[in-house]
Amino acid sequence: MSRYDPAVIEPRWQEAWDKAGAFTAKADATKPKYYVLEMFPYPSGRIHMGHVRNYTMGDVVARTKLAQGYAVLHPMGWDAFGMPAENAAMERGGHPKDWTYGNIADMKAQMKPLGLSIDWSRELATCDPEYYGQQQAMFIDMMEAGLVYRKAAVVNWDPVDMTVLANEQVIDGKGWRSGAAVERRELTQWFFKISDYSEELLSALDGLTNWPEKVRLMQANWIGKSRGLQFAFDMVGAPAGFDRLEVYTTRPDTLMGASFAAISADHPLAKALEGNPDVAAFVAECRKGGTSAEEIETAEKIGYDTGIRVKHPLDPNWELPVWIANFILMDYGTGAIFGCPAHDQRDFDFATKYRLPIKPVFSADGSDAPLDEAFVPMKSEKVHYIRGFAGEAVQTGDDGVATAIAHAETNGYGKGVTKFRLRDWGVSRQRYWGCPIPVIHCATCGVVPEDKKNLPIELPYDVSFDIPGNPLDRHPTWRDCTCPKCGAKARRETDTMDTFVDSSWYYARFTAPRSTTPTVMEDANYWMNVDQYIGGVEHAILHLLYSRFFARAMHKTGHLPQKAIEPFNALFTQGMVTHEIYKTTDDQGRPVYHLPEDVTVFNVADRRIVVRGNEPPPIDMIDDVDAFIRALADEGLLVEVIPSAKMSKSKKNVVDPMNIIASFGADTARWFVMSDSPPERDVEWTASGAEAAFKHLSRVWALCSRIGEMPADHKGEGDQDLAKATARAIDEVTKGIEGFAFNKAIASLYAFTNTIAKANASTGPMKEAIRTLAKLMSPMTPHIAESIWTYQGGAGLCAQAPWPKADPALLIDDTVTLPIQINGKRRAEISVPKDMPVAEVEKLALADEDVVRFLAGQPVKKIIVVPGRIINVVV
RNA sequence: GCCCGCGUGGUGGAACGGUAGACACAGGGGACUUAAAAUCCCUCGGCUGCAAGGCUAUGCCGGUUCAAAUCCGGCCGCGGGCACCA
């Protein structure tokens, strides 16, 4: 066997797999199916290490399941609509379509050398009319099913560019291009009625037992079910038609601590008061800045006293002022609240600022002392009500709320209401590079869905990006059309869909990617659901929640079977790939970042030093390390190392996977991203780690050569030990892969490799062991595994060979070593037969000479024996 | 501001509530070599001890338990999300 040369073997095996059609998904009634999917990429043009990690994880699962006898579906596609394509067109000219398809070709060319077991015949791109035409058909179906409507909603408005901005394009409250102060402006927009499914999307989370607990929690909090009291204040001094002010509160037990009422700047009452120039100015002030919750909630809290008063529901003589406040959201509840500063920090800050009363309703011990900050214990905690009006004086917050609601209902001033924080999904985007909303505006018929036979409504190619705004708006021949209902001249909707719509059903499309309907029931029935979905935790809420909603909508409109309404049986959220950042400073003190390949890292006397360039300075004969470092700094060579962060172009802490593949091969890149770090955690890319991975693969290669050259009749003593080690490796690697503990699987493979290298066994068992090693490595490093497999006489392709099974008899040891603790500290250990009864183990433990010495005659109070685990003696 | 997560040697990490540091990287020492690279062997949390060993140690403080990195409460630090980034 020659030298390990990935550049030679990797293309050869990739070709062999292609030729064998090894990864083409084929429905097979005789096999169980397995659908593994990684979140599809946005075609930025370059793959990065995060992609390599994500797709390698999916590939490990897919290859293992294939070996275990499943019919595997492992597809790949492109989340191809979105802003970057338009930005590229604006910055560099060119067309979003050309840019996108060029990027897809580039990225595919970079993914191919990784040797992923992808069925490329199912490839799809969301920007392809074949895909988005079906999405338009479903939009129309959803309109007919009552899941789509229009309403006014606020957007970020750039008053200089006269264009809508994405939250990302609002920086410090200003438009990213114009620099103008952004305003919130209302626009009529299209919405999906995801709120129809609030309760169901929440309760169904309980069934997602193979999802990370944290993702389910985040989704539950996002949906935000709450039980509270809705009631109306009688108003004094309000404009005509505003007799009562509806408010919703989740803490009705704090009603006696009310010190003011506050309404959103978007509240109808605020609008009615805008005749007053002071109010108008204040409301305008509130509308400054972007629409994001982060911006609104971190903005300084400001308020305006309207002069209107409301009467407290429990005391008609008690009046509270009505304020307009910038931190009240119109989207949640009724857009109006009562403020209880004693038990809500935000209200506390507001009350302090505007000198409003702060009256505690309850306290920990029943005292009525003034507060320095809001007292907000958990609702499950018991508190002393000083100003309670319902239920016990000492009760939990939960009970306080329940009795307050009951009190309100009995006395007729309010009622218990369940509300959700989840808002309907606004899908309108005033942008070109997205799926056109298939709707027509007709002067006589109103808003009419396009006739399905006219689908797809394709994006026109002849558009320009030289002026801001949506090019579709100023494209007359595309925009002008005829009404499908009455045939009169009409206008096409120029909004396109949120790209989250595209990614909310691609998993279903993969089951029949070329069909002329969105899905084909037979295929969806066979392949759905996705058995294992893998992607970044940053998608924990929006993408996954939208997909769960969309699957339900697709079921309602006949595009998915009932069983697919929860499309992802198991979810795994992987961590990011990070790298340390190398920084120097230029003459003006501005930071300059350096690519990892443009610096040199070395050690001098236990000090890790990084310098610019590819050559380390001469380091022999250094006796004063500090002086040496100072000298480097004076020459401007010394590089500052900033701790690892997510790889990003702006910080230049990126490693191009293509460079790694070019120097070490795909197997090394794959092995490294799967080793060391647990997959859910961030992994730091280190050059030394990649080299170590390559070294290890070379060692395995050399070991394979050595075994191949063993004389056929060699006999060794260690056959049984090797058989046991093999069984253990099979067991541990299988469990590691199935439990998404790839790092542990790889640790077992290191140990197994070391065992084989040191083993003194006969030739046959040695060959058997290394073939098993190759098969166990093959999900991670498929190419080298094929070479070893073939060299050692394995039948057919390693990729298609069955997964090995561990002989259970070989996994059990006859004797176990039990540590003995005295008062919880490990003091000794004994070796006992694995089935020894507890009483005998106790006797043996107490007779142990170390134990006797430590006990020094003290009486034993208690002895705890955890069979097969540990013994603890308590004195 | 709100929601969620994470924190273990010089580094990445391992550890059904049960021997903290598996497996690696880096470092140190040695073998081979004219030399270097490669390879192989030994060592490797800290303090202490000739040694056997002892003490100490999982961000910080407190609690539950025979036993806590793990469970509970509080704090600190870092990261993700916050509805028009994908």
Side-chain angles (χ1 to χ4, degrees), chain A residues 39 41-42 44 79 81-84 153 155-156 164-170 189 194 212-215 217-222 224 290-299 301 327 331 345-346 349 421-431 498-500 502-503 536-543 545-546 573 575-576 578 603 606 608 643 645-646 675-678 680-684 686 688-689 691-693 695-696 698-699 702 741 743-744 746-751 754 817-829 861-864 866 868-875:
Chain A
M39 290 179 185
Y42 178 80
S44 62
D79 188 14
F81 275 136
M83 286 200 309
V155 293
N156 302 303
V164 177
L165 298 178
N167 283 340
E168 191 190 49
Q169 298 170 313
V170 179
Q189 311 240 62
I194 189 171
E213 185 57 38
K214 63 169 174 179
V215 173
L217 232 178
M218 279 191 267
Q219 293 221 350
N221 288 336
W222 186 260
T291 59
S292 75
E294 185 185 1
E295 198 170 330
I296 291 167
E297 288 183 38
T298 52
K301 284 149 198 66
F327 59 91
D331 291 315
Q345 190 58 42
R346 206 164 48 173
D349 297 340
R421 205 183 71 101
L422 180 66
R423 309 200 298 256
D424 277 331
W425 176 9
V427 296
S428 284
R429 297 293 180 270
Q430 295 70 40
R431 267 189 272 281
D498 179 5
T499 56
F500 272 121
D502 312 335
S503 55
V537 69
E538 66 272 22
H539 296 292
I541 296 175
L542 291 179
H543 162 61
L545 192 63
Y546 290 150
T573 52
M576 298 176 300
T578 64
N603 285 282
D606 290 348
R608 192 162 172 271
K646 181 176 178 169
S675 60
D676 289 348
S677 267
E680 67 276 13
R681 232 192 273 183
D682 293 349
V683 64
E684 177 170 17
T686 58
S688 57
E691 263 170 57
K695 272 188 203 172
H696 175 72
S698 302
R699 263 197 299 273
N743 54 325
K744 285 190 262 170
I746 285 184
S748 301
L749 286 168
Y750 270 109
N754 292 340
T817 304
L818 291 180
I820 302 172
Q821 295 182 330
I822 294 170
N823 284 345
K825 275 196 197 305
R826 183 183 170 282
R827 295 299 184 192
E829 63 179 37
K861 275 196 204 138
K862 199 169 167 188
I863 179 161
I864 294 145
V866 184
R869 274 275 162 209
I870 204 166
I871 301 158
N872 193 8
V873 181
V874 186
V875 294

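In what follows, chains are A, B, ... by sequence order, proteins preceding strands, each numbered from 1.
Residue A:Q430 is classed as a base contact, given a heavy-atom separation below 4.0 Å to a base. A:L422 comes within 4.0 angstrom of a nucleotide base, judged by non-hydrogen atoms across all strands. Here A:K825 lies in heavy-atom contact (under 4.0 Å) with sugar-phosphate atoms only. Looking at heavy-atom distances under 4.0 Å, A:F327 makes no contact with the nucleic acid at all. Nucleic acid contact class of A:V164 (heavy atoms, under 4.0 Å, all strands): base. Looking at heavy-atom distances under 4.0 Å, A:H539 makes contact with a base. Residue contacts for A:P678: at a heavy-atom cut-off of 4.0 Å it reaches the sugar-phosphate backbone alone, with no base atom in range. If you check every strand for non-hydrogen atoms under 4.0 Å, A:K744 touches sugar and phosphate atoms only. Residue-level contact check: A:G224 touches neither bases nor backbone, having no heavy atom under 4.0 Å from any strand. Nucleic acid contact for A:Q219: none, since no nucleic acid atom lies under 4.0 Å from a heavy atom of the residue. Nucleic acid contact class of A:S748 (heavy atoms, under 4.0 Å, all strands): none. Among the heavy atoms of the strands lying under 4.0 Å from A:T499 are primed sugar atoms or P, OP1, OP2 only; no base atom is included.
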Taking Watson-Crick (N1-N3 plus N6-O4 or O6-N4) and G-U wobble (N1-O2, O6-N3), each under 3.5 Å, can you produce the dot-bracket string of RNA chain B? Use [ ] for crossing pairs and | for inter-strand ones. (((((((..(((.....[....))).(((((.......))))).((((....))))..(((((..]....))))))))))))....
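Between B:U56 and B:U8, the two C1' atoms lie 15 Å apart (nearest whole Å). Annotation: B:G28 and B:C78 have their P atoms spaced 33 Å apart (nearest Å). One P atom belongs to B:A15, the other to B:C71, and the distance between them is 14 Å to the nearest Å. When the P atom is compared between B:G18 and B:G63, the two are found 22 Å apart, to the nearest whole Å. Comparing the C1' positions of B:C16 and B:A67 gives an interatomic distance of 15 Å, to the nearest angstrom. For the C1' atom pair drawn from B:C3 and B:A83, the interatomic distance equals 13 Å after rounding to whole Å. Atom P of B:A51 sits at a distance of 28 Å from the matching atom of B:A69, rounded to the whole Å. When the P atom is used for both B:A86 and B:C25, the distance is 42 Å, rounded to whole Å.
Applying the side-chain hydrogen bond (donor to acceptor under 3.5 Å, both in side chains) test to A:H543 and every residue at least two apart in sequence or in another chain returns A:Y533. Residues forming a side chain to side chain contact (heavy atoms under 4.5 Å, CB included) with A:R421 (at least two apart in sequence, or on another chain): A:W222, A:Y332. For the side-chain hydrogen bond (donor to acceptor under 3.5 Å, both in side chains) test, no residue two or more places apart in sequence or in another chain qualifies with A:S292.
Side-chain N or O atoms of A:Q219 include one that pairs as donor or acceptor with a backbone N or O of A:A540 at under 3.5 Å. Not a single donor-acceptor pair under 3.5 Å links the side chain of A:Q430 to the backbone N or O of A:V164. A:Q169 contributes a side-chain N or O that, together with a main-chain N or O of A:A166, makes up a donor-acceptor pair within less than 3.5 Å. At least one donor-acceptor pair under 3.5 Å links the side chain of A:N156 to the backbone N or O of A:L165.
The residue among A:I870 and A:A751 whose nearest nucleotide of RNA chain B is located toward the 5' end is A:I870. Comparing A:F500 and A:M218 against RNA chain B, the residue whose closest nucleotide sits nearer the 5' end is A:M218.
The shortest distance between the side-chain N/O atoms of A:N754 and the OP1/OP2 oxygens of B:A24 is below 4.0 Å. Taking only side-chain nitrogens and oxygens, A:R827 never comes nearer than 4.0 Å to OP1 or OP2 of B:U19. Side-chain nitrogen and oxygen atoms of A:S675 include none within less than 4.0 Å of the OP1 or OP2 phosphate oxygen of B:A24. One finds no side-chain N or O of A:S292 lying less than 4.0 angstrom from the OP1 or OP2 phosphate oxygen of B:C82. For A:R429, a side-chain nitrogen or oxygen approaches OP1 or OP2 of B:C84 to under 4.0 Å. One finds no side-chain N or O of A:N743 lying less than 4.0 angstrom from the OP1 or OP2 phosphate oxygen of B:G12.
The closest side-chain heavy-atom distance from A:P678 to A:N743 is below 4.5 Å. Within the 4.5 Å cutoff, the side chain of A:I194 has heavy atoms near those of the A:Y546 side chain. A:N823 places a side-chain heavy atom less than 4.5 Å from the side chain of A:V875. In this structure, A:D498 and A:W425 have side chains that are in contact, with non-hydrogen atoms separated by less than 4.5 Å. A:I870 is not listed as a side-chain neighbour of A:I820, based on a closest heavy-atom distance of 4.5 Å or more. Between A:I864 and A:I871 there is no side-chain heavy-atom pair separated by less than 4.5 Å.
Atoms CG (A:N221) and P (B:G1) sit 18 Å apart, rounded to a whole Å. Here B:G79 presents its C1' atom at 10 Å from NZ of A:K214, a figure rounded to the nearest Å. One can place CG of A:L217 at 11 Å from P of B:C6, the figure rounded to the nearest angstrom. The nearest whole Å value for the distance from the CD1 atom in A:I822 to the C1' atom in B:G54 is 14 Å. Residue A:W425 contributes atom CH2, which lies 10 Å from atom P of B:C84 at whole-angstrom precision. In this entry the distance linking CD of A:E295 with C1' of B:A83 reads 14 Å, nearest Å. The interatomic distance linking A:N167 (CG) with B:G81 (P) rounds to 13 Å, in whole Å. B:C84 atom C1' lies 15 Å from atom CD of A:E294, rounded to whole Å.
Judged by atom type and distance alone, A:E691 does not reach the base of B:C25 through any side-chain donor-acceptor pair under 3.5 Å. Between the side chain of A:R681 and the base of B:C6 there is no donor-acceptor pair of N/O atoms closer than 3.5 Å. At a cut-off of 3.5 angstrom, the base of B:C2 holds no donor-acceptor pair with the side chain of A:E297.
A syn orientation is assigned to B:G9, its glycosidic angle lying within 90° of 0.
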Nucleotide N/O of nucleotides 62-66 of chain B paired with protein N/O under 3.5 Å:
{"from": "B:C66", "atom 1": "O2'", "to": "A:N872", "atom 2": "ND2", "distance (Å)": "3.2"}
{"from": "B:C66", "atom 1": "O2", "to": "A:N872", "atom 2": "ND2", "distance (Å)": "2.6"}

Between protein and nucleic acid, restricted to nucleotides 42-45 of chain B and to nitrogen or oxygen atoms under 3.5 Å apart, what atom pairs and distances do you find?
none

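Between the CG atom of A:D676 and the CZ atom of A:R681 there is a distance of 12.0 Å, given to the nearest 0.5 Å.
Inspection of the A:Q821 and A:E829 side chains reveals no N or O donor paired with an N or O acceptor under 3.5 Å. When only modelled atom types and interatomic distance are considered, A:T291 and A:N167 share a side-chain donor-acceptor pair under 3.5 Å.
Closest contact between the side chain of A:E538 and the listed nucleotides B:A86, B:C84, B:A20 involves B:A86. Nearest to the side chain of A:K695, among B:C85, B:C16, B:U39, sits B:U39.
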